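Keep in mind the model is a prediction, meaning the values are calculated, not measured. Counting convention: from 1, in listed order, for ligands and their atoms alike.
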Amino acid sequence: MAESKSSDAIALLKDDHRKVEKLFKDFEGAKGDGRKERLARQICMELVIHTKIEEEIFYPALEGKLEEDMLSEAKVEHDSAKLLIAEIEAGNGESDEYFDAKVTVLQEQVEHHVEEEEKEMFPEVRKADLDLDALGEQIAARKKELMTEYKLSGTPTPELTTMDEVQI
Ligand SMILES: [Fe+2]
Ligand SMILES: [Fe+2]
């Protein structure tokens, strides 16, 4: 890896986005031996960690620096994805007739969310007065911590932060 490679907050979050896109692509082509289930579990873990890091560290740093609507919509999109993640994690994997459809719809939701972050949010963040290197350090440290924890004890059910009106 080149030494000049940026590890500021935006670069790290974009690396995560590319990694998950690749996993979804692998899922599309996967066959047999529970490969799809393993990939789905990995996708869910990566997404739970990524959304958690953004909600704990990145989005709070943007409060007051970006349009409130942009942040609120991003958080609702996270929660909407978490519902599918929780369903996929708790489900019966490939024996669920809707398993592939659930992962595919999750992929579509994540693609939409990533596009908004990268095309609308991140350019605004670059213009704001923020120490993106310091934020990047915090993000990298927290990610390492969560990865270790989840690899040992499994991915927890993600917590919703914007939806509490209904129990379905
Ligand atoms: Fe993201
Ligand atoms: Fe996000």
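Looking at every heavy atom in both residues, Ala61 comes nearest to Leu130 through O-CD2, 3.4 Å. Looking at every heavy atom in both residues, Ile49 comes nearest to Lys143 through CG2-CG, 4.0 Å. The minimum heavy-atom distance linking Leu106 with Leu84 is given by the pair N-CD1, 3.7 Å.
The nearest N, O or S atom of Asp16 is not closer to the Fe ion (ligand 1) than 2.8 Å. Using a cut-off of 2.8 Å, one finds that His50 contributes no N/O/S atom close to the Fe ion (ligand 2). Within the coordination shell of the Fe ion (ligand 2), defined by N, O or S atoms under 2.8 Å, Thr51 is absent.
Nearest N/O/S atom of Glu54 with respect to the Fe ion (ligand 1) is recorded as OE2. Here the N, O or S atom of Glu117 that is nearest to the Fe ion (ligand 1) is OE1. The Fe ion (ligand 1) is closest to atom NE2 of His17 (considering only N, O or S atoms).
When only modelled atom types and interatomic distance are considered, Glu56 and Gln138 share no side-chain donor-acceptor pair under 3.5 Å.
Rounded to 10°, the angle formed at the Fe ion (ligand 2) by Tyr59 OH and His113 NE2 is 90°.
Ring geometry for Phe122 against Phe58 counts as perpendicular: the plane angle is over 60°, on a 0 to 90° scale with 30° as the lower cut.
Relative to the six-membered ring of Phe27, Lys36 meets both conditions, a distance below 6.0 Å and an angle of at most 45° to the axis.
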